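Since the structure is predicted, the reported quantities are computational estimates derived from the model, not experimental observations.
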Amino acid sequence: MSIQAMRSVRTLTRLACGASLAVLAASPVWAQDAAEEAVASEDEIVVTGFRASLDEALNQKRDSISAVDVIVAEDIAKFPDQNLAESLQRIPGISIQRDAGEGRAITVRGLGAQFTRVRLNGMETIATSTDGAAANRDRAFDFNVFASELFTSLVVHKTASASLDEGSLGAVVDLNTGNPLGGKEGLTLVGSAQARYNDLTENVDPRLAGLIAWTNADRTFGVSASVAWSDYTTDELGNNSVRWAQAPFRSVDGVTCLSGSSFVANPSAGCIEVAEAFHPRIPRYGLVRHERERLGATASIQFEPSENTKISIDGLYSRFKEVRDEYWGEVLLRSEERGIDVSNYTIDEDNNLIAADLDNVYIRTERYSRESETEFYQLSGRLEQRLTDTFKVNLLGGFSKSQADIPIETTLAFDDRDGTGYRYDYTNMKFPVLSFGPGIEDPSSFVLAEFRDRPSFLTNKFKTVSLDFDWDVADRFKLLGGGFYRQFDFDTVGFRRDSTYCAAFTCAPGTTGLPVTADIAELFKLGKAGQPSGNTNAWIVPDLDAGTALIDLYNRPAVLQQGEQRAVTEKTYGGWFMTEFETELAGMRLTGNAGVRYAKTEQSSSGFTSGTFVTVDRTYDDWLPSFNLNLHPTENIILRGAIAKVITRPTLGNLSPGGAVDQFNFRITSGNPFLDPFRATTFDLAAEWYFAPGALASVALFAKDIESFPISTSLQGTYADSGLPLSLLTPGTPAYDAVVGGSNPNRQFEFRTTGNGPGASLKGMELSLQLPFSVFSDSLRHFGVLGNATFVKSNVDYTIAGPLAYDPVDNRLEAQPAGVYTQPLLNLAKRAWNATVYYDDGKFSARTSAAWRSGYNDGTSGNGNVFEGYGSSFNVDASIRYAITENIELSIEGTNLTDDYRYRFTDLEANRNYENNHYGRTFLFGARVKI
């Protein structure tokens, strides 16, 4: 008997004992008749709904030779969460990163999104959106691009095998859409509608989905199509410091500290301690409003002219649009400290200038708006052909394209450069008091000082062809192999329309901008941002439409930013060979696979260097052996072990031979086209105990020895050292003023690049429990719990420049020697857990889920801060569903029920506030009809 046939017998046995009907949809067509007979017995207990999806997922995990976790839709077009990323966080070892209150990217066993490869209907792809203050210009996959209703299952491969696409140190995630031949005969229609309410926006927004499918009576031909659409608004309210920094101020408590740009002779103790202390660079409260529209559609055709031939054609389209509007009231301490007077100040034990009164401050109110659109499509075809009873081949081919464009990214700034009576107080670091003096609500206090527009465009494309074979050589022994070719194209470009008003237009003598009138201003009122009493909660901001029309912004020439025009093309081809076996060891069943994958990568990277667009080519190859072994001491216990060599190709932004100039922070960032891939050896051990139907207790140990780990480096130099032309500097920016028009043409800049750094280690443990309460009593069979916890440890040595210190000999603040800090990998949380409690009787179901993730570093930071990252997060979701009839269901769902704030810190020890914001609770009320 073949391995496949033995698996089918075990599946049918579980079905006869009452497992999920959903198994029918996943079983081979040739096995479905037998399966239908098994579930038709008089003693059958049919499990449906959420419990059925759990059973099916558990069956797939149990039967897999490699370590996988699976999430299955409860029914057609009915995925169990509103977002794919939010579903994935239920899996052990997976945490999510949120954007605008919803899941966007995943971290697997401590490795960030760039280390995870995603396949859509078997083809690797990348879909990117815009997150936070910047767009995703990397290999990370943005799950928020797709509507969850379009998918039927998610499979996470945690251990490598030769048959899996290379490129992952974390996991390979398979997203699967329609399967017409897995459905019922005849016509199927499904429709759902939901109303979405958020308690911060207080808006009611629509979410709609529908599916149509048809399969002929002979089950040889099937078609399906689905569509999902939503249009909703989410508010993000909170505060932001834009990091903390050190600098001398003009005076402290009435004592002069500076003479021009230098300290006075023998500065006072107050001048020195305030200069050495860290202060917020741009303290501010504000609103970020996210208006999003998501449209998705799938289509699938399956044709099975004979029991030996199956042809599938799948297509997917998605369009994700967002308008992000920001409203800020702020003070620019950054680069303006030399003109500010400090009094009544407090410095805490972490050397933070935690509170102070400031006069002669640079007040700015700001309006920002970004329109972004991601359009994705994929078309793929698969031929599965059985040539003999023991030999079959699979041919897969297709292409995908993701175009993430930002045609408008506009900022208008009103300035008052001599504000008085300002005070900030970060005694409560998460919720500071920011109090402005008089004039903040008066348009005549301000001038229109700056405007910006920064359109950018990104395209990712994949082409894939692969041919695999599957040969049953003997009883319980297989040979598998194949060849593949992939081409990945990445191309991005950015432009600028940035300027100060007086650089673009004629200003009156002694002014710094256009005097503001009520015609181009509006009054902004801060909502529920967590602000304490004494905070200023209303201020004048630019009217974006009136302001941009006044200066005719969008008809101004857009200047190409050389550092933002770059491209990477990767052509990868190779092959793989693997054995799959089943035998006995000391009377115990033993299964496994062993194989090797070869991949040759031809890489071409392009970008601007010193004003010239250059292309750098290189080639490298990898042999990637892998081995998975599973011992079954009993029918219900599996001991798993795996070892493999794996790679992740370098970050796309780091591969460019060109660079970019940050004209506000005096920073030049450049890439390195000769970076090596991340290479690692992975080790996995796991024990799984299926102690009852639908139940699992497991523990998994994992370790990754990362041989090469590209690491960021930072150096100091002058702009002249970069070799870049002065034409890259924009009139009116701080860099232009300092380098071109100022008295110091050799202004210091920070140079940031990436090199092939030392390796790193990672190890951890996953604990998981799936417990239906039927194990205690049949009367409790509708109840159950799911839970898992992950503990990860890793060590990487980072070299980071620390704080500045006053040098009495040179009479100035000077950089101290860089220090080496041993910390986890970036984006790695040491601990995470999630749990779900549910009730499901087939007619009524209720679930509550909680997910917690410990804090983590996401960057090495800057301005003398050592690391930056996010505090711990805790999210609670719940849902209730009630089936009025077999075909009609009502639902109520709630997400982020604790209204968890997202806290971001800068400096690991001092834990200084970078930002702290929240998105409110979201509720969805819906109905679903199936015919």
Side-chain angles (χ1 to χ4, degrees), residues 48-50 53 71-87 100-103 143-152 177-178 180 183-184 187-214 224-235 290-300 316-322 840 842-847 849 877-897 919-931:
T48 60
F50 181 63
S53 69
I71 299 177
V72 180
E74 295 180 33
D75 199 355
I76 296 173
K78 185 183 172 186
F79 216 79
D81 284 280
Q82 296 303 308
N83 182 286
L84 295 182
E86 292 167 9
S87 293
E102 64 178 326
F143 290 88
N144 59 354
V145 170
F146 299 107
S148 59
E149 294 92 336
L150 304 179
F151 296 86
T152 57
T177 60
K184 69 175 185 178
L187 183 66
T188 298
L189 297 173
V190 180
S192 67
Q194 290 180 308
R196 180 186 188 273
Y197 174 80
N198 180 275
D199 65 358
L200 274 186
T201 63
E202 299 183 349
N203 289 345
V204 177
D205 299 313
R207 182 183 179 106
L208 305 173
L211 176 139
I212 182 170
W214 180 82
S224 67
S226 65
V227 63
W229 174 79
S230 59
D231 190 349
Y232 57 99
T233 299
T234 301
D235 280 355
H290 307 264
E291 298 178 6
R292 294 180 161 183
E293 181 186 9
R294 182 186 290 113
L295 172 67
T298 70
S300 181
L316 186 145
Y317 171 83
S318 178
R319 188 188 69 207
F320 180 64
K321 300 173 68 175
E322 180 187 36
D840 185 1
K843 190 176 183 67
F844 175 83
S845 68
R847 277 177 282 159
S849 299
D877 306 329
S879 68
I880 297 174
R881 298 178 182 272
Y882 179 71
I884 298 177
T885 69
E886 187 175 313
N887 298 321
I888 302 175
E889 180 184 75
L890 302 180
S891 63
I892 301 175
E893 302 176 49
T895 62
N896 191 28
L897 296 179
Y919 308 94
R921 303 168 182 85
T922 299
F923 302 91
L924 297 105
F925 307 87
R928 182 174 182 273
V929 178
K930 178 182 177 183
I931 301 174

Practice task
Before accepting this row, confirm whether a basic side-chain N of the pair Lys321/Glu291 lies closer than 4.0 Å to the acidic partner's carboxylate O.
Solution key: no
Practice task
Could you pull out the closest heavy-atom pair between Gly920 and Leu200, with the gap in Å?
Solution key: N-CD1, 3.5 Å
Fill in the blank from the handout: Between the CG atom in Leu890 and the CD1 atom in Ile880, the distance rounded to the nearest 0.5 Å is 11.5 Å
Problem - Distance-minimising heavy-atom pair for Ala883 and Gly842 - result: CB-O, 4.4 Å
Problem - Residues in side chain to side chain contact (heavy atoms under 4.5 Å, CB included) contact with Ser230, at least two apart in sequence or another chain - result: Arg207, Tyr232, Arg294
Practice task
For the residue pair Arg196 and Thr234, confirm or rule out a side-chain donor-acceptor distance under 3.5 Å.
Solution key: yes
Practice task
Taking the side chain as every heavy atom from C-beta outward, state whether Ile71 and Phe151 have any pair of such atoms under 4.5 Å apart.
Solution key: no
Handout entry: Donor-acceptor contact present, side-chain Asn198 to main-chain Asn203, <3.5 Å
Key = no
Practice task
Please check if any side-chain donor atom of Asp877 sits under 3.5 Å from a side-chain acceptor atom of Thr895, or the reverse.
Solution key: no
Fill in the blank from the handout: dist Arg928:CZ -> Asn887:CG (nearest 0.5 Å) comes out at 10.0 Å
Practice task
Please list, chain by chain and in numerical order, all residues satisfying side-chain hydrogen bond (donor to acceptor under 3.5 Å, both in side chains) with Ser318, sequence neighbours excluded.
Solution key: none
Completion exercise
The reported gap from CD in Glu886 to CD1 in Ile931 (rounded to nearest 0.5 angstrom) is 12.0 Å
Completion exercise
Across all chains, not counting sequence neighbours, the salt bridge (Lys or Arg N to Asp or Glu O under 4.0 Å) partners of Asp199 are Arg921
Handout entry: Any Asp231 side-chain heavy atom under 4.5 Å of Asp205 side chain
Key = no
Problem - Non-hydrogen atoms of Gln194 and Gly926 that approach each other most closely - result: CG-CA, 3.7 Å
Practice task
Go through the steps to decide whether Phe923 and Leu897 satisfy the test side chain to side chain contact (heavy atoms under 4.5 Å, CB included), and finish with yes or no.
Solution key: CA-CA 9 Å; Phe923 302 91; Leu897 296 179; 3.7 Å; yes
Exercise for the section: Could you pull out all residues at least two apart from Thr177 that satisfy side-chain hydrogen bond (donor to acceptor under 3.5 Å, both in side chains)? Expected result: Asn121
Exercise for the section: Mind checking the CD1-CD spacing from Ile884 to Glu889? Nearest 0.5 Å is all I need. Expected result: 9.5 Å
Handout entry: Pairing residues for Thr298 by the side-chain hydrogen bond (donor to acceptor under 3.5 Å, both in side chains) criterion, not counting sequence neighbours
Key = Ser226
Problem - Pairing residues for Glu293 by the salt bridge (Lys or Arg N to Asp or Glu O under 4.0 Å) criterion, not counting sequence neighbours - result: Arg319
